[in-house]
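What follows is a single structure, written as structure tokens, with notes after it.
So that the names make sense, note that chain A is the first sequence line, chain B the second, and so on, each numbered from 1. The structure displayed is predicted, hence computed values, not measured ones.
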Protein chains: 4
Amino acid sequence: MTARRQAKRRAPARSESERQAKLQTILDAALDIFLEKGFADARLDDVAARAGVAKGTLYLYVPSKQALFEALVRSGIGGPVGAIEQKVPDPDISAEDQLRALFLFLRTEILGTRRRDIVRLLLMEASRFPELAEVYHREVIVRGLRILRGIAERGVARGEFRSDEIARFPQLAIAPALVALLWTSLFQRFDPVDIEAMLETHLTLLMKALKRHPS
Amino acid sequence: MTARRQAKRRAPARSESERQAKLQTILDAALDIFLEKGFADARLDDVAARAGVAKGTLYLYVPSKQALFEALVRSGIGGPVGAIEQKVPDPDISAEDQLRALFLFLRTEILGTRRRDIVRLLLMEASRFPELAEVYHREVIVRGLRILRGIAERGVARGEFRSDEIARFPQLAIAPALVALLWTSLFQRFDPVDIEAMLETHLTLLMKALKRHPS
Amino acid sequence: MTARRQAKRRAPARSESERQAKLQTILDAALDIFLEKGFADARLDDVAARAGVAKGTLYLYVPSKQALFEALVRSGIGGPVGAIEQKVPDPDISAEDQLRALFLFLRTEILGTRRRDIVRLLLMEASRFPELAEVYHREVIVRGLRILRGIAERGVARGEFRSDEIARFPQLAIAPALVALLWTSLFQRFDPVDIEAMLETHLTLLMKALKRHPS
Amino acid sequence: MTARRQAKRRAPARSESERQAKLQTILDAALDIFLEKGFADARLDDVAARAGVAKGTLYLYVPSKQALFEALVRSGIGGPVGAIEQKVPDPDISAEDQLRALFLFLRTEILGTRRRDIVRLLLMEASRFPELAEVYHREVIVRGLRILRGIAERGVARGEFRSDEIARFPQLAIAPALVALLWTSLFQRFDPVDIEAMLETHLTLLMKALKRHPS
DNA sequence: CATGAATGAGGGTTCATTCAT
DNA sequence: GATGAATGAACCCTCATTCAT
């Protein structure tokens, strides 16, 4: 064991962190290419070229094209949900403000960033990668809906909301965000919509429907 | 002479309706395969096998794989929208009932049929077929949103609705249908959701938010 | 036997001569297409379309694409050689005039007609159809060279020619015609050459070389 | 550092000369196959097999079947013409000897080598590759005829030749070489002709026709 | 570790030939 | 006989993966 380590450390031209950095470079390049072409049409030649490495090098970091795709998606999901889980369920603020905070987060941390593209890519390819759909469901969907349900239940419990529709179907609360995501990707260029205003209007309607004493 | 003319003018070996039927068989088979594998991974061998014809036969009906895909999508969109345009804008019934009729139609004519899969396929591949995305936008999205906007505006005009949010962002009214579509395709098998109840709840919330005198 | 004949004669819509006429239509169409595309690139669809028949009909007249090509070439060669054999070896005129008559025939009956294209097609495809090359050699080359050799030998015998080079290598006498054929097909469009003057000059040179008392 | 640089700057895995050698192997193999089958019927599988490489490897050296064909032809033409341009127009020797040198060169460097096959292949396929016909015309025909014309004009100028027929139609001087080329390819196997004697006889005749004082 | 040349299975497309009408 | 829809073998080209350097 020691001997082996020494053998490896004799020329540690690449430390573990350097290796991680290069892997990240590859994942970034892969995201670009996969987004542009989709999984099946993406060529590893292009990924390698964009990452600035030789094609064979990819296989030193990832065992196959499919694994590259999966690593890419896994690295891009989950993180933000954890952040929301930390910040949003603040019992000191109203359910409405919690929802608004959640949407602000969605707009700034997802819809306005590359993560939006990762999610779109995932939606596009999910039916071809059922296992990945399950991971996404478990790591993002379930946790996201749990947060929403928590907000809704607390809203009902403290009398802020009249009814529990969102607790029962939290999907209804983020449905417009899904529309925003797809619209941006597919139609925005020839039929632009003010996404921010749309989401704001959604919250307005939702509050009208839910709040006992609409502000 | 007459006899010869008949010989030359005789009905085509395969009548037009027979040709259409076979084309439909091919389109059906193609939908199955494209849904299962996505456009790029779908093999025309499989399409032909499922349609029960030889591979070369496909090219008697469609000039290329891409054209097959486009024909498939085009054949599956547009029709229902026309039906809705005919039925829904009935001035004799309330805006709420018009919306409910629209959602009933969505559930029974889209979400409950193969058209759901065509739409999902389109969403999956839209970025690879920008022209098709435009066709879909023009033939379905624009017309669908126009119907919704019409309902909303009439609801406001006749005093049934308090405000015009849906007229401004009709996307908000059908957003849950999009969730339903994707959920069904991606997660329903391991996390079933009562789609009908969800959409019903959406309508309930929407009416609470919009109606001047909620029933 | 009689019965069969009667059966056939009951509706002899197509007599033998009609059949021959249709075959000729097909061969003409095939020549056009083969000339335009070469054998391998010619499509029977195009041959059928140009002949005004259905593709399957071709197979009622010819058993395969290769057979069509061979029938075409066979039908287009040989004929003229027979004509020359009849006309040229006129013992009453000088060898020079016989040669001139031969070249006039070449210019007007071969180089200036479709036969030129048939010969070119044959040269192009001969290495792929060795049997056809043999037929051409036997039916055209051998007979043509025999005519030339006959002229040359008579010229020597009657003292008109000094030597027997052309009797030994009659190919030398028609070599410029081959140049004319290929030049016309390949280079004439961007580097035009006065073919008639070239052949005339060839004869002039040849007479200078051969004749005892150049005129 | 130096070591690393060497690692990055090391000679290409395959040196340029190795690459050229392999390309030549492929071109040689392609010539065999194209000659045997013609362009359209040649299969890249066979080219690869004969070259001893995998099919995909061909595409590392040439972008398409057509480009392979064109590379093959281009690599085989032009070179010898340059050599002749250097050697033949020697003002110290007679026009006759220049012509004889030219024919010797033709026999040993073209007719007796693979270049003969390349020319034949070009003639066979020229109508399918009009651009290539132009290249050949420009790089070979024009230059070759210019050499002949130069010899002829000098022959006239110095009084060696009586007349200028060859200066006007230099094609007449090499026409027998074309016959030799085609005869060798098409008929030689069942009707052998002494090509060397034929060309020698051609020169004899030509000198008789042209020279003021035949030797 | 890194490279990139080489591999070869795979798939879209064509088209000569067949055959039911 | 004539038709033309159907067939399916064949072939060019791509690209994920391997491996000698």
Side-chain angles (χ1 to χ4, degrees), chain A residues 8 11-14 18-19 22 40-49 52-66 68, chain B residues 4 7-8 10-14 18-19 22 40-48 52-66 68, chain C residues 8 11-14 18-19 22 40-49 53-68, chain D residues 4 7-8 10-14 18-19 22 40-48 52-66 68:
Chain A
K8 283 197 172 181
R14 302 287 171 181
E18 281 179 278
R19 181 184 166 80
K22 195 165 211 167
D41 281 357
R43 298 190 292 114
L44 291 192
D45 277 294
D46 291 342
V47 173
V53 300
K55 190 158 45 156
T57 305
L58 300 179
Y59 287 83
L60 300 173
Y61 292 85
V62 137
S64 73
K65 186 186 184 186
Q66 171 150 350
L68 175 60
Chain B
R4 248 193 239 163
K8 284 198 171 181
R10 73 161 173 270
R14 303 290 168 151
E18 279 177 283
R19 183 184 163 80
K22 193 162 214 167
D41 281 357
R43 298 191 291 114
L44 291 191
D45 277 297
D46 291 343
V47 173
V53 300
K55 189 160 41 156
T57 303
L58 301 179
Y59 288 82
L60 298 175
Y61 292 85
V62 137
S64 71
K65 187 187 185 185
Q66 170 150 348
L68 174 60
Chain C
K8 282 197 172 182
R14 303 288 171 180
E18 281 179 279
R19 180 181 167 84
K22 194 165 213 167
D41 282 357
R43 298 190 291 114
L44 291 191
D45 276 295
D46 292 343
V47 173
V53 300
K55 189 158 46 155
T57 304
L58 300 179
Y59 286 83
L60 300 172
Y61 291 84
V62 138
S64 73
K65 186 186 184 185
Q66 171 149 351
L68 174 61
Chain D
R4 248 195 240 163
K8 285 200 170 181
R10 75 163 171 268
R14 303 290 169 149
E18 281 177 284
R19 183 184 163 81
K22 194 162 214 167
D41 282 356
R43 296 190 293 114
L44 291 191
D45 276 298
D46 292 343
V47 173
V53 300
K55 191 166 28 165
T57 304
L58 300 180
Y59 288 84
L60 297 175
Y61 292 86
V62 137
S64 70
K65 186 186 184 185
Q66 170 149 350
L68 174 60

- Task: For D:Gly56 and for C:Ser64, find the nucleotide of DNA chain E with the closest heavy atom, then tell me which residue's nucleotide is more 5'.
- Result: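 Closest to the 5' end, via its nearest nucleotide, is D:Gly56.
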- Query: Between C:Lys65 and D:Val53, which has a closest nucleotide on DNA chain E that is more 5'?
  - Reply: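 Looking at the nearest nucleotide for each, D:Val53 comes out on the 5' side.
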Rounded to whole Å, how long is the line connecting atom [atom1] of [X] with atom [atom2] of [N]?
X	N	atom1	atom2	value
B:Lys55	E:dG10	NZ	P	13 Å
B:Asp45	F:dA10	CG	P	15 Å
D:Arg19	F:dT21	CZ	P	18 Å

- Task: Tell me which of A:Asp41 and B:Leu58 sits closer to the 5' end of DNA chain F, going by the nucleotide each one is nearest to.
- Result: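 Final value for this comparison: B:Leu58.
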- Query: Taking the nucleotide of DNA chain F with the closest heavy atom to each, which residue, C:Leu60 or D:Gln66, is nearer the 5' end?
  - Reply: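 The residue whose closest nucleotide sits nearer the 5' end is C:Leu60.
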- D:Tyr59 side chain N/O closer than 4.0 Å to the phosphate oxygens (OP1, OP2) of F:dC15?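 It does not, given that no N or O in the side chain of D:Tyr59 lies less than 4.0 Å from OP1 or OP2 of F:dC15.
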- Does C:Lys22 place a side-chain N or O at less than 4.0 Å from the phosphate oxygens OP1/OP2 of F:dA2?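 Yes.
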- Any strand: nucleotide that pairs with F:dA20 via Watson-Crick or wobble, under 3.5 Å: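 Checking every strand shown, F:dA20 finds its partner in E:dT3, with both distances under 3.5 Å.
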Over all strands shown, is [X] touching base, sugar-phosphate only, or nothing at heavy-atom distances under 4.0 angstrom?
X	result
B:Ala48	nothing
A:Ala40	nothing
D:Ala42	sugar-phosphate

From [options], pick the nucleotide closest to the side chain of [X]?
X	options	result
A:Thr57	E:dA16, E:dT3, F:dT3	E:dT3
C:Leu44	F:dC12, E:dA2, E:dT17	E:dT17
B:Ala54	F:dT7, F:dC11, F:dG1	F:dT7

- Hey, could you give me the CZ/CG distance between D:Arg19 and D:Leu60, rounded to the nearest 0.5 Å?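 It comes to 7.5 Å.
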